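To start, the structure under review is shown below, and the notes come after it.
Everything quoted here is computed from the prediction, not taken from an experiment.
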Amino acid sequence: MKTKNLSTTKITLILIGLMASLLLSALDSTIVGTAMKKMVNDLQGMEYYAWPFTIYMLCATIITPVSGGLADIFGRKPIFIVGILTFLTGSALCGMSQSMIQLIVFRGIQGIGGGILVTSVFTVVADLFPPAKRGKYMGMVASMYGLSSIIGPLLGGLIIDNLSWRWIFYINIPVGIFAVAIIAFIMPNFKSEGRKNSVDYTGTFAMILALVPMLLAFSWGGKNYSWLSVQIIGMFIFSFIMLAIFVYCESKAQNPIIPLSFFRNRSISVTLVVAFLTNGIMFASIMYIPYFAQGIIGTSATTSGSITMPMMLGLLLASSSTGVLISKTGKSKIFVFVAFALMTIGTGLLSTMSADTPYFKVIFYMIILGLGIGINMPIANTNIQNSVPQRQIGAATSTVQFFRNIGSTIG
């Protein structure tokens, strides 16, 4: 896992490829929300409105820990390339969808690619840089979430107002081709040393059976079915049983996809909670604020897409700055406290909004929330990667992303 033979130019190009890859996935998460109303009307499937979001997050969440373990076994490059190509295939198929059922299925393919892609990006950052420098570059790469959230809704609105909604998927293709070319021709095939070459099939199967009903229950609860309905309670019970079986399988596995030792480490456990809460709050805000603008204020798609810009500018600034500060000081605990304080204040203020709230107040509230979210973005990956041996970097990074995805879905 040595990078001393890589020139500064190659490292820079790899970083650009990583940032383009993450932007690809993050942009898709924000741009689709603005276009959903038009897509549903065109494909005549209002009853399936939530499914393109649900299936994407479901597939991304399931594949995330699996891809991290496979990357530790077979190397980062092949898994990374498979992720990008799967994402691009799903994007092209989504753009050609002729019905909501087709769109839902193809979004699932996109989700598989997106889950692999995001995990691969943060794992490779850990491969490229030593622990003392990871914070800086993790913040730089994580800032793509903020950038995508600034340009995504706005770009989505512009496309919907001026072109076909299908172009929100087609624009992924040139960015993806650029990213996969860099990864394929410049990036070495980083591979963890000392990792057993056995795949945890039993644990993977048990995890899928635990996750699918749980995530569906959170997606359907209060909408398709009552929270106290037999369907929702039954799914939660089944999920809990399969989770217990999954834990048992992982305790016996030679090469577990999520090592149980992670949860016995206090630093890792706290990091996973931070990742879960941060993404839950971020995605709830990204989905709610444009909806509020269109549904309550009555703005156009383009205007509603730009309304999250203040929050994401704060996120972008805070994420980049925090990564640099962590690299310089080597401390992250104080940043977590500051981040959650800002997030609590920001969400509390946003909850007081009404149709009469002045626009400058909305901007101020969103900046506060964005700063809090941005501070936490680089912390999770840096903390967990610095807490595990090199051979578990892929599994550790995928576990953080796994908790992020669950937080996003529930949020």
Is a donor on one side and an acceptor on the other found under 3.5 Å between the side chain of [X] and the backbone of [Y]?
| X | Y | result |
| --- | --- | --- |
| Tyr170 | Ala92 | no |
| Ser239 | Ala210 | yes |
| Lys10 | Ile186 | no |
| Thr119 | Ile116 | no |

About how many Å separate [atom2] of [Y] and [atom1] of [X], when rounded to the nearest 0.5 Å?
| X | Y | atom1 | atom2 | answer |
| --- | --- | --- | --- | --- |
| Ile63 | Ile208 | CD1 | CD1 | 7.5 Å |
| Glu250 | Thr202 | CD | OG1 | 9.5 Å |
| Leu93 | Met96 | CG | CE | 4.5 Å |
| Leu117 | Ile183 | CG | CD1 | 8.5 Å |
| Leu272 | Phe403 | CG | CZ | 5.0 Å |
| Ile112 | Tyr56 | CD1 | OH | 11.0 Å |

task: Output all residues satisfying ring-ring contact (aromatic ring centres under 6.0 Å, His included) with Phe236, sequence neighbours left out; order by chain, then residue number.
output: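 Only Phe218 meet the ring-ring contact (aromatic ring centres under 6.0 Å, His included) criterion with Phe236.
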
- request: Quick one: do Met19 and Leu23 satisfy side-chain contact (heavy atoms from CB on, under 4.5 Å)? Show the steps, please.
  value: CA-CA 6 Å; Met19 294 170 76; Leu23 181 63; over 6 Å; no

Close side-chain approach of [X] and [Y], heavy atoms under 4.5 Å:
| X | Y | answer |
| --- | --- | --- |
| Leu371 | Ile367 | yes |
| Leu243 | Phe246 | yes |
| Leu277 | Phe340 | yes |
| Phe169 | Leu103 | yes |
| Ile81 | Pro78 | no |
| Met343 | Leu369 | yes |
| Ile173 | Phe87 | no |
| Cys249 | Met207 | no |

task: Report the C-alpha distance between Phe178 and Ile16 in whole Å, list the side-chain angles of each, state the deciding distance to 0.1 Å, and finish with yes or no for side-chain contact (heavy atoms from CB on, under 4.5 Å).
output: CA-CA 10 Å; Phe178 169 76; Ile16 292 172; 3.8 Å; yes

Minimum heavy-atom separation for [X] to [Y], with atom names?
| X | Y | answer |
| --- | --- | --- |
| Ile233 | Trp227 | CG1-O, 3.9 Å |
| Ile84 | Ser21 | CD1-OG, 3.8 Å |
| Met100 | Pro52 | CE-CG, 3.9 Å |
| Ala20 | Val175 | O-CG1, 3.9 Å |
| Phe238 | Leu209 | CE2-O, 3.5 Å |
| Ile232 | Ala217 | CD1-O, 3.8 Å |

- request: With side-chain contact (heavy atoms from CB on, under 4.5 Å) as the test, would you mind laying out the steps for Met187 and Ile182 before giving the verdict?
  value: CA-CA 7 Å; Met187 192 185 88; Ile182 291 179; over 6 Å; no

message: Per the side chain to side chain donor-acceptor pair (under 3.5 Å) rule, what does the pair list look like for residues 79-97, sequence neighbours excluded?
response: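 Output for this query lists Ser91-Gln110, Ser91-Asn172.
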
message: Determine whether Cys59 and Ile55 satisfy the following criterion, side-chain contact (heavy atoms from CB on, under 4.5 Å), listing intermediate values before the conclusion.
response: CA-CA 6 Å; Cys59 291; Ile55 196 69; 4.2 Å; yes

